[in-house]
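Okay, structure first, notes after.
Below, chains carry the letters A, B, ... as their sequence lines are ordered, and counting in each starts from 1. What you see below is based on every heavy atom in this structure, not just the backbone, and it leaves out hydrogens, waters and symmetry mates. Here the structure is a predicted model, which means the values were calculated and not measured.
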Amino acid sequence: MTVRLSYENGTIRVDAGGSAGADGTGTDRIPPLPGVEDDPRSGTARAPAYRYAAIRRALSVAGVSVEDRVLADRPSGGDDDLALSTDYDLREYQADALAAWHDADDRGVLELPTGAGKTVIAIRAMVDLGVPTLVVVPTIDLLDQWERELDTEFDVPIGRFGGGEQRQEPITVSTYDSAYLKAEDVGDDFAFVVFDEVHHLGGEGYQDIARLLAAPARLGLTATFERPDGGHETVAELVGERVYALDVDDLAGDHLAPYDIRRMEVELTPEERERYEAKQGTFVGYLRESGITFTSGEDYRKLVMRSGNDPRAREALLAKSAAREIMMNAERKIERLADLLDRHREDRVIVFTAHTELVYRLSERFLIPAITAETGAKERREILERFRDGTYSRVVAANVLDEGVDVPDANVAVVLSGSGSEREFTQRLGRVLRPKDDGGRAILYELVSAETAEERVAGRRR
DNA sequence: TTGACTCAACATCCTTTGCTACAA
DNA sequence: TTGTAGGTTTCCATGTTGAGTCA
């Protein structure tokens, strides 16, 4: 018996070759295959495309002969294997990471800190496999960076999905958004897919990108694999398990700058304290009265749902939000920031906050260029360029510089306020860890309002 | 080509206690 | 007596991004 595999709209179609089975599906003699189910509408059996590699393996184990048309139906007829080469030499840990990935059948996630050279490993993997490859990235900025990098490294045209262009080549870079829109059409055109910042793939909609692609070889890159919502388990199913992990401390002092984290507590002013306690009291009081207890973030979502038709729940959430704003934007943090900026007059400083309004206040008060979501692409480029060439020695930003932006190196970071997200914290720290020419240490200051919920928030992210 | 706009998607959003009704 | 679920079929607010549309 021969089983025929082909790609159809994001699925792998499975037909028993030659004669159809008695039930008309043509699948009655096929051994059980991972993810394959009967599809009565088309009278065949099929599985989500991401199961392709597992199906191949199962058929091989069962000793079934296979007529595989999945990747062969590409425009080029499958004859487009690429002769790629690279001049990059991998560092020892990069080579170890790549070897671990190959050992896992060319699947899996590498968790390495920002600045560890994840791109280089991916390029080497592309050279090793020499097959059509799709690279998926979260932002236009990263799209540009990858395109430049691949263009310099390889002697083949680089395709691009995103930022207003839809140009496909054997090696193509795409945003997650464009990949989501095109995955069904191009799902059988690539034998290898690289997901940069792969934690994004845990998002509800983005998961479909990986499901619709047939590419048997899959590489995920991230600095922070685990997601608070457990989405990394889905990522592991779609891309492969985490096969190699290093954290910042494994590389600090060697390939990354040595660093110190200094937490500084500031007191709320009496007026802030009064407002904070009132707002926080409204929130906690509501929880107590309505018998709501928190064991996880899930419970918070339930409260949010409840607020849709319970005015008191809504009032409690608004009070919580106001309390958060008071502790995060405390007046004495700004005074402390003034001291720090004074102390680090000779250094390159990035100030991070959680609220845009505070960014503009700090920008006015200290005459520092500001970057928020409202800052246009052109202006943002100019500010970062001047920060890079030394015209500016400090920048204040909301959450925009956390990820996916090529930020010039700094050696001091001041986190005025942030979420409890471990990812956000790791990314912010990563902004000061590029090795210094003089071998100097990087410093991250974390300003926390004493005796507020912020102490717990700050504890959660570390 | 650029810029302004809208829209959709994603991420974070959290407390220190122990009620009430119902099923097994 | 003990164990368990708890509004049903999302979304209080803010920040950020990419895609698409239109002038």
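Taking the P atom of each, C:dT14 and B:dC14 are spaced 14 Å apart, rounded to whole Å. Nucleotides C:dC22 and B:dT1 are separated by 14 Å at their C1' atoms, to the nearest Å. Straight-line distance between the C1' atoms of C:dT2 and B:dG18: roughly 16 Å, to the nearest whole Å. Between C:dT9 and B:dA11, the distance separating the two P atoms is 22 Å to the nearest Å. If you take atom C1' in C:dG3 and the same atom in B:dT16, they sit 23 Å apart, rounded to whole Å. Distance noted for atom P between C:dT10 and B:dT15: 26 Å (whole Å). Taking the P atoms as reference points, C:dG7 lies 24 Å from B:dC13, given to the whole Å.
Residues A:R306 and A:N399 each lie close to DNA chain C; by heavy-atom proximity, the contact nearer the 5' end of the strand is made by A:R306. The 5' end of DNA chain B is approached more closely, in terms of each residue's nearest nucleotide, by A:P228 than by the other of A:P228 and A:R288. Heavy-atom distances to DNA chain B give each of A:V284 and A:G418 a nearest nucleotide, and the one nearer the 5′ end belongs to A:G418.
Judged purely by distance below 3.5 Å, without hydrogens or angles, the side chains of A:N329 and A:R324 never pair a donor atom with an acceptor atom. In summary, the side chains of A:E197 and A:Y176 do not present any donor paired with an acceptor at a separation below 3.5 Å, with no hydrogens or angles considered. Side chains of A:Q207 and A:R211: a donor on one and an acceptor on the other come within 3.5 Å. Counted by atom type alone, A:R386 and A:T391 present zero donor-acceptor pairs between their side chains at under 3.5 Å. No hydrogens or angles considered: a donor-acceptor pair under 3.5 Å links the side chains of A:Y259 and A:D249. Donor-acceptor pairing under 3.5 Å is lacking for the side chains of A:R314 and A:S307. Under 3.5 Å, the side chains of A:T86 and A:E153 contain a donor-acceptor pair of N or O atoms.
The distance from atom CG of A:L181 to atom C1' of B:dC7 is 13 Å, rounded to the nearest whole Å. Between the CG atom of A:D141 and the P atom of C:dT16 there is a distance of 15 Å, given to the nearest Å. Rounded to whole Å, the distance from CD on A:E374 to C1' on C:dT14 is 11 Å. The distance from atom NZ of A:K320 to atom P of C:dT14 is 16 Å, rounded to the nearest whole Å. Distance, A:I140 CD1 to C:dA19 P: 5 Å, rounded to whole Å. One atom, OH of A:Y180, and another, C1' of C:dG20, lie 16 Å apart when rounded to the nearest Å. In this structure, A:E422 places its CD atom 11 Å from P of B:dT12, rounding to the nearest Å. Rounded to whole Å, atom P of B:dC13 lies 12 Å from atom CZ of A:R423.
Closest approach to the A:A453 side chain among C:dA19, B:dT15, B:dC13 is made by B:dT15 (side chain taken as heavy atoms from C-beta onward). Comparing C:dT16, B:dC10, C:dG7 by their nearest atom to the side chain of A:A398 picks out C:dT16. Nearest nucleotide to the side chain of A:H200, out of B:dT15, B:dA11, C:dG15: B:dA11.
Put simply, A:Q280 has a side-chain N or O that comes within less than 4.0 Å of OP1 or OP2 on B:dT15. Distances shown here put a side-chain N or O of A:T356 below 4.0 Å from the OP1 or OP2 atom of C:dG15. Within the 4.0 Å cut-off from OP1 or OP2 of C:dA19, at least one side-chain nitrogen or oxygen of A:T175 is found.
Within the 4.0 angstrom heavy-atom criterion, only backbone atoms of the sugar-phosphate kind lie near A:R227; the bases stay farther away. No engagement by A:G376 is indicated, since no non-hydrogen atom pair under 4.0 Å with the nucleic acid exists. Within 4.0 Å (heavy atoms only), A:E204 reaches sugar-phosphate atoms of the nucleic acid but no base atom. Residue A:Y176 is classed as having no contact, given no heavy-atom separation below 4.0 Å to the nucleic acid. No engagement by A:A316 is indicated, since no non-hydrogen atom pair under 4.0 Å with the nucleic acid exists.
The glycosidic torsion of C:dT8 lies within 90° of 0, placing the base in the syn range.
Heavy atoms from other residues, nucleotides or ligands lying under 6.0 Å from CD of A:E204 number 12 at most.
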Protein-nucleotides 9-13 of chain C N/O pairs under 3.5 Å:
{"residue": "C:dT10", "atom": "O4", "partner": "A:R301", "partner atom": "NH2", "Å": "3.4"}
{"residue": "C:dC12", "atom": "O4'", "partner": "A:S307", "partner atom": "OG", "Å": "3.2"}
{"residue": "C:dC12", "atom": "O3'", "partner": "A:R314", "partner atom": "NE", "Å": "3.4"}
{"residue": "C:dC12", "atom": "O3'", "partner": "A:R314", "partner atom": "NH2", "Å": "3.3"}
{"residue": "C:dA13", "atom": "OP1", "partner": "A:R314", "partner atom": "NH2", "Å": "3.1"}

Should A:H255 and A:Y93 be marked as a ring pair (Phe, Tyr, Trp, His ring centres under 6.0 Å) after you check the CA-CA gap, both sets of side-chain angles, and the distance that decides it? CA-CA 10 Å; A:H255 298 289; A:Y93 68 84; 5.2 Å; yes
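Pairs engaging residues 207-241 of chain A under the ring-ring contact (aromatic ring centres under 6.0 Å, His included) rule: A:F225-A:H232 [sequence neighbours left out].
Base pairing of B:dT1: no nucleotide in any strand meets the Watson-Crick or G-U wobble criterion (both distances under 3.5 Å).
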